[in-house]
Amino acid sequence: MSNAVSLKEVYKDYFKVGTAVNNRCLDRDKDIILKHFNTVTCEYEMKLAGLRRPDLTFDFANADKIYNFANENGIEVRGHNLVWHQGIYTEVLESMTKQQLIELMTEHMRTVGERYKKVVCWDVVNEAISDDWNGFLRDTVWRRKLGDDYYMTVFRLAREIIPDKTLVYNDFNEYEEPKRNNIIKLVKQLKTEGLIDAVGMQCHINILYCTADDIKRSFEEFSKLGLPIHVTEIDIGLPEMNDPAPLSSMTQEQREQQASLYEALFATMREYSSIIDSATVWGVRDSQSWLNNFRFERECTALLFDKDGQPTEAFYRITQF
Ligand code: XIL
């Protein structure tokens, strides 16, 4: 492994530094994880469909592996997630009544709460806001079954069943104003009943759509909520998401822009560090990134370690300040 400085050491006076892990990368990237990160999030293994078979019986094997690895090494685990429109068995949930769905969630929260005692927080509801910025909520099976205020119901349940956990609302495109306003509206509703403890800003950003100013503005606006912020899923994609062009077509200039945006993001997070709990990158090395399979198959370089596990230019830019 390279003799680069340790991320968690560099940031120890600012916030925790995390990565998304899965069972495949746990062995391969063990050294990188141990050296650089003090919090991890399961990329899939703690989602409903990661914890349960299609008949909804539990299979804890994959989540346990990550949870035990983290505990044995003194690494914190973020719980991701309880209610989402993906990572579920939609048809199975669709066939259930409102009451059955509430019972399922009650059992689910009780079970994960008891089994994963050292998980510090849960993304209770993930990505509830609509991609149609004129609307408010995304259409999901949870919403159809439990009603338009389903996120209130789910957070109330979580508060009751896992009272010792930090309860988080987590969403993406938070740096775009209309989406941000909707996220803030939802969080304020949760706050009226004291149901939320932190806001999760995913931070899947892209050099084509997000500037250093957008980043700064989003931290400023979220800081006004008076809640801690978890930056939960950082990556900076280079290509236009709807463009199947392979990464090799990316220019040196774009790579430079990416490194600068990483630098600006981490500088802004340091500026707001008094309210930032943690900054988690969505994957250890580039070959693990979900962006490699998002809409098109391609080779993405959006993370802090390249496909060979070597620190990228962005890594050096965020560790030298
Ligand atoms: C992605 C994972 O990275 C993939 O491995 C999985 O197949 C699908 O989900 N927003 C989220 C994450 O909240 O859970 C998603 O993770 C990426 C987008």
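First listed ligand is number 1; within each ligand, the first listed atom is number 1.
- Residue contacts with ligand 1, taken as heavy atom pairs separated by less than 4.0 Å, do not involve Phe172 at all.
- The protein heavy-atom contact nearest to atom 3 (O) of ligand 1 is Glu43 OE2, 2.6 Å.
- With a 6.0 Å radius and a threshold of 12 heavy atoms from other residues, nucleotides or ligands, Arg53 has its CZ atom above the threshold.
- The list of salt bridge (Lys or Arg N to Asp or Glu O under 4.0 Å) pairs with a residue in residues 266-276, not counting sequence neighbours, reads Lys216-Glu271.
- In Glu127, the part holding a heavy atom less than 4.0 Å from any atom of ligand 1 is the side chain.
- The heavy atom nearest to atom 8 (C) of ligand 1, out of those in Lys47, Glu233, His204, is found in Lys47.
- Of all the atoms in ligand 1, the ones that sit under 4.0 Å from a non-hydrogen atom of His80 are 11 (C), 12 (C), 13 (O), 14 (O).
- A salt bridge links Asp148 to Arg143: one of the charged nitrogens lies within less than 4.0 Å of a carboxylate oxygen.
- Partner Tyr169 forms a side chain to side chain contact (heavy atoms under 4.5 Å, CB included) with one of Ile129, Leu227, Asp197 and no other, that one being Ile129.
- The Asn126 neighbourhood of ligand 1 comprises atoms 11 (C), 13 (O), with distances under 4.0 Å to a heavy atom of that residue.
- Atom 7 (O) of ligand 1 has Tyr44 CD1, 4.3 Å as its closest protein atom, hydrogens excluded (heavy atom only).
- Sorted by first and then second residue, the salt bridge (Lys or Arg N to Asp or Glu O under 4.0 Å) pairs involving residues 85-101 (not counting sequence neighbours) are Glu94-Arg144.
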